[in-house]
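Written below as structure tokens is the structure these notes are about.
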There are 2 protein chains.
Amino acid sequence: MTKPLTILDIARLAGVGKSTVSRVLNHDARVKDSTRAKVQAVIDQHGFLPSKSARAMRAQRSGVVGVIVAKLSSNSENTALTGLLNTLYAKGYDAAIMESQFSQQKAQAHLDVLKRRNVDGIIFFGFSGCDLNALAPFAPNCVVLAVDSEQYASVSYDNQGAVTQVMDHFYRQGCRHIAFLGIDERDETTGLARSDAYQHFCQTHQLSPQLHRCEMSLHAAYAATDCLLTPQTDAIVCASDTLALGVAKRLQTLNRENIAIGGIGNHDMLRFMFPRAVSVELGYHQAGQHAAELLLKQLDDEVTTITHWTQPCHLVTP
Amino acid sequence: MTKPLTILDIARLAGVGKSTVSRVLNHDARVKDSTRAKVQAVIDQHGFLPSKSARAMRAQRSGVVGVIVAKLSSNSENTALTGLLNTLYAKGYDAAIMESQFSQQKAQAHLDVLKRRNVDGIIFFGFSGCDLNALAPFAPNCVVLAVDSEQYASVSYDNQGAVTQVMDHFYRQGCRHIAFLGIDERDETTGLARSDAYQHFCQTHQLSPQLHRCEMSLHAAYAATDCLLTPQTDAIVCASDTLALGVAKRLQTLNRENIAIGGIGNHDMLRFMFPRAVSVELGYHQAGQHAAELLLKQLDDEVTTITHWTQPCHLVTP
DNA sequence: CTGTTAGCGCATTCAC
DNA sequence: GTGAATGCGCTAACAG
């Protein structure tokens with residue numbers, strides 16, 4: 001490990017002053033071309049890299065954005081994260097990723113840490129019952145994902161469109177007894193918004209709703225299936241692919257595989273295990289990218305207008 | 001955004017010198033208790049947070065470790081990552097996480113970026129055909145995960161033990177026609193090591209091996225199942241749970257659910273979809289933690305001994 | 001035990 | 001156009 005060169009070393013090597021090197025580094029226009037070339041040559045030759053820490057200290061910015069996801073193991077979240085990271089890194093930012101594990105307390109703890117780290121901004125993946133007010137110290141440099149918010153820029157999924165598309169698909173196929181499995185309505189998006197869309201569809205299409213809620217887990221969905229079934233049931237729409245997997249498994253066990261299944265999230269596993277199931281692609285990857293772009297725009301342009309973006313979705317059929 | 005306080009502000013507020021505040025911050029023993037209390041009170045009262053950038057600059061360390069995973073969507077990797085991050089953050093380090101997507105080229109590009117970012121160390125998740133020499137510029141501050149290496153500290157999984165445990169389980173249950181589905185043997189761990197263990201078990205137990213290889217995907221495993229089956233087959237062991245899911249699905253379709261299934265990785269989905277399947281818990285989470293601890297130890301103690309750790313595994317039965 | 005001093009590497013004045 | 005000087009917030013060496 002040879003000691004890294006500093007801007008001063010380069011200056012001496014090039015026979016100029018520190019500030020000239022600094023100007024070259026920062027693409028300052030007022031440097032004579034010949035001087036610039038000379039300095040740049042020395043820089044390239046030694047593979048000199050300006051210290052990020054020193055820059056950060058000088059600029060009072062860390063060049064790091066905090067990202068709080070609920071669970072890395074969640075398909076939706078790690079897909080969005082992938083899109084998000086690419087964008088961030090491309091722009092020279094680092095990301096500090098932490099898991100809230102659906103706990104407001106942990107989220108708060110992480111926000112405290114991130115505050116201490118002096119992150120330049122926050123991208124927060126919302127979850128049931130999260131308190132967005134905790135983001136206040138970072139305002140307006142934060143973007144929330146997967147939930148709506150008036151106070152912060154947000155990127156959300158088209159919950160209503162997703163449910164409507166699946167319902168419409170089944171309806172066109174002739175289903176008239178479409179049940180719905182959702183989650184707790186205190187969850188405003190996956191819970192409330194999606195079940196509302198279901199009920200609204202039923203209302204406008206003269207269907208009698210058959211709705212049940214359970215925990216967001218394979219086993220819960222499996223168990224809940226029985227509460228949903230009637231002899232006439234011809235389709236079941238689920239608020240997520242995880243639920244759909246649980247339900248489909250139960251239907252398989254019950255030998256009621258004639259019942260159509262619809263999910264939301266376009267999870268590989270659902271397609272593979274139950275190829276006849278349909279699902280909605282919510283655009284996780286793009287949503288992640290968009291969230292990052294939004295944040296960076298806020299950081300750079302000092303834009304203070306709060307933007308809200310709803311990611312378009314589309315149905316995926318076998 | 002009120003301007004953050006500095007150590008000097010605190011010093012003035014507490015009526016002491018800067019260095020005393022610094023000492024309190026760094027838990028330096030030689031500060032009178034009463035003084036410490038006074039300073040601490042001011043710190044707490046104002047919620048003062050020392051600037052990480054300044055510290056990093058002073059210490060000539062960025063406080064960031066680079067983490068290169070293959071795919072965030074991989075269950076094994078994001079589980080290990082969770083363990084890893086907790087450890088890292090607990091010790092005050094940040095992580096810069098990037099995806100190689102199983103491409104040496106992308107990995108190299110990321111390593112270059114990380115080098116430029118002046119990261120203090122690297123944790124690298126190995127994949128088939130990765131070239132660990134690319135890590136040389138970071139030596140000895142790197143740890144590789146999931147692959148063996150002589151040159152770097154490593155944390156690897158007990159590939160042989162995992163296969164042996166599943167084989168042994170089935171053997172004790174009376175199975176004598178145990179087939180194995182693996183992947184390309186150019187993959188030294190999941191591919192070669194696991195199939196070798198299978199063959200070795202067959203040899204020592206007088207079983208005739210029935211081995212096939214395919215891509216690491218649900219569909220490939222599904223299709224490959226037919227190449228594996230004979231009328232006598234009574235169990236199929238797979239090099240991973242993903243493969244096991246594919247195989248189990250195929251067996252279900254073929255109505256040969258009397259054949260036992262064994263996987264490696266202890267994936268939730270396998271347990272749920274095919275409760276009768278057995279799997280081996282490889283200890284992803286702990287391995288991640290361990291890798292982080294190893295790296296931090298190298299960074300702190302300047303230990304130069306190269307450590308190799310094999311994560312213990314255990315069978316999980318219904 | 002505690003205050004003073006001197007940089008860490010860089011970007012930004014301000015002179016020339 | 002360019003160099004010298006200044007200070008970002010913090011820690012370590014040196015005095016008391």
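Order of the sequence lines sets the chain letters (A, B, ...), proteins ahead of strands, with each chain counted from 1.
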Value in whole Å for how far the [atom2] atom of [N] lies from [atom1] of [X]:
X: B:M57; N: D:dG7; atom1: CE; atom2: P; value: 15 Å
X: A:D9; N: C:dC8; atom1: CG; atom2: P; value: 10 Å
X: A:R36; N: D:dT2; atom1: CZ; atom2: C1'; value: 13 Å
X: A:H27; N: C:dA11; atom1: NE2; atom2: C1'; value: 15 Å
X: A:R12; N: D:dG3; atom1: CZ; atom2: P; value: 14 Å
X: A:L8; N: C:dC10; atom1: CG; atom2: P; value: 9 Å
X: A:I43; N: C:dC10; atom1: CD1; atom2: P; value: 10 Å

Donor-acceptor pair, B:D120 side chain versus B:S62 backbone, under 3.5 Å?
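Yes.
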
Can you list everything that forms a ring pair (Phe, Tyr, Trp, His ring centres under 6.0 Å) with A:Y152? Sequence neighbours excluded, please.
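For A:Y152, no residue satisfies ring pair (Phe, Tyr, Trp, His ring centres under 6.0 Å) once neighbours in sequence are set aside.
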
My understanding is that only residues two or more places apart in sequence, or in another chain, count here; which of them pass ring pair (Phe, Tyr, Trp, His ring centres under 6.0 Å) with A:H285?
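Not a single residue meets the ring pair (Phe, Tyr, Trp, His ring centres under 6.0 Å) criterion with A:H285.
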
What's the closest nucleotide to the B:T35 side chain, out of D:dG9, C:dG9, C:dT2?
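Output: C:dT2.
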
Which nucleotide, D:dC10, C:dC1, D:dT2, lies nearest any side-chain atom of B:T6?
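Output: D:dC10.
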
Scoring nucleotides 11-16 of chain D by protein non-hydrogen atoms under 4.0 Å (B base, S sugar-phosphate only, - none) yields BBB---

Can you tell me if A:Q60 touches the phosphate of D:dG9, counting only side-chain N or O atoms and a distance under 4.0 Å to OP1 or OP2?
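Yes, A:Q60 has a side-chain N/O under 4.0 Å of OP1/OP2 on D:dG9.
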
Report yes if a side-chain nitrogen or oxygen of A:S51 is closer than 4.0 Å to either non-bridging phosphate oxygen (OP1 or OP2) of C:dC10; otherwise report no.
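So the side-chain polar atoms of A:S51 never come under 4.0 Å of the phosphate oxygens OP1 or OP2 of C:dC10.
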
Between A:Y284 and A:Y157, how do the two ring planes meet: parallel, tilted or perpendicular, split at 30° and 60°?
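Geometry flag for A:Y157 against A:Y284: perpendicular rings.
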
Can you give the donor-acceptor pairs under 3.5 Å from side chains of residues 121-139 of chain A to other protein atoms, not counting sequence neighbours?
unit_1: A:S128; atom_1: OG; unit_2: A:D187; atom_2: OD2; d: 2.4
unit_1: A:D131; atom_1: OD1; unit_2: A:N133; atom_2: N; d: 3.0
unit_1: A:D131; atom_1: OD1; unit_2: A:N133; atom_2: ND2; d: 3.1
unit_1: A:N133; atom_1: OD1; unit_2: A:Q151; atom_2: NE2; d: 3.3

With sequence neighbours excluded, residues passing side-chain hydrogen bond (donor to acceptor under 3.5 Å, both in side chains) with A:S156:
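A:D148.
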
List in chain and number order the residues that pass side-chain hydrogen bond (donor to acceptor under 3.5 Å, both in side chains) with A:E188, two or more places apart in sequence or in another chain; answer none if no residue qualifies.
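A:E188: no side-chain hydrogen bond (donor to acceptor under 3.5 Å, both in side chains) contacts found.
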
So if I take the C1' atoms of five pairs at each end of the helix from C:dC1-D:dG16 to C:dC16-D:dG1 and get each local axis, what angle do the two axes make, rounded to 10 degrees?
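Helix axis angle between the two ends: 40°.
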
Going by atom type alone, with no hydrogens or angles, which donor-acceptor pairs under 3.5 Å involve a side-chain atom of residues 78-87 of chain A and a protein atom two or more places apart or on another chain?
unit_1: A:N78; atom_1: ND2; unit_2: A:L72; atom_2: O; d: 2.9
unit_1: A:N78; atom_1: ND2; unit_2: A:S74; atom_2: O; d: 3.2
unit_1: A:T79; atom_1: OG1; unit_2: A:N75; atom_2: O; d: 2.6
unit_1: A:T82; atom_1: OG1; unit_2: A:N78; atom_2: O; d: 3.0
unit_1: A:T82; atom_1: OG1; unit_2: B:E99; atom_2: OE1; d: 3.0
unit_1: A:N86; atom_1: ND2; unit_2: A:T82; atom_2: O; d: 3.4
unit_1: A:T87; atom_1: OG1; unit_2: A:G83; atom_2: O; d: 3.1

Under 3.5 Å, which donor-acceptor pairs link side chains of residues 24-32 of chain A to any protein atom two or more places apart or in another chain?
unit_1: A:N26; atom_1: OD1; unit_2: A:R55; atom_2: NH2; d: 3.3
unit_1: A:N26; atom_1: ND2; unit_2: A:S22; atom_2: O; d: 2.7
unit_1: A:N26; atom_1: ND2; unit_2: A:S22; atom_2: OG; d: 3.4
unit_1: A:D28; atom_1: OD1; unit_2: A:R30; atom_2: N; d: 3.0
unit_1: A:D28; atom_1: OD1; unit_2: A:R30; atom_2: NE; d: 3.3
unit_1: A:D28; atom_1: OD2; unit_2: A:R30; atom_2: NE; d: 3.3

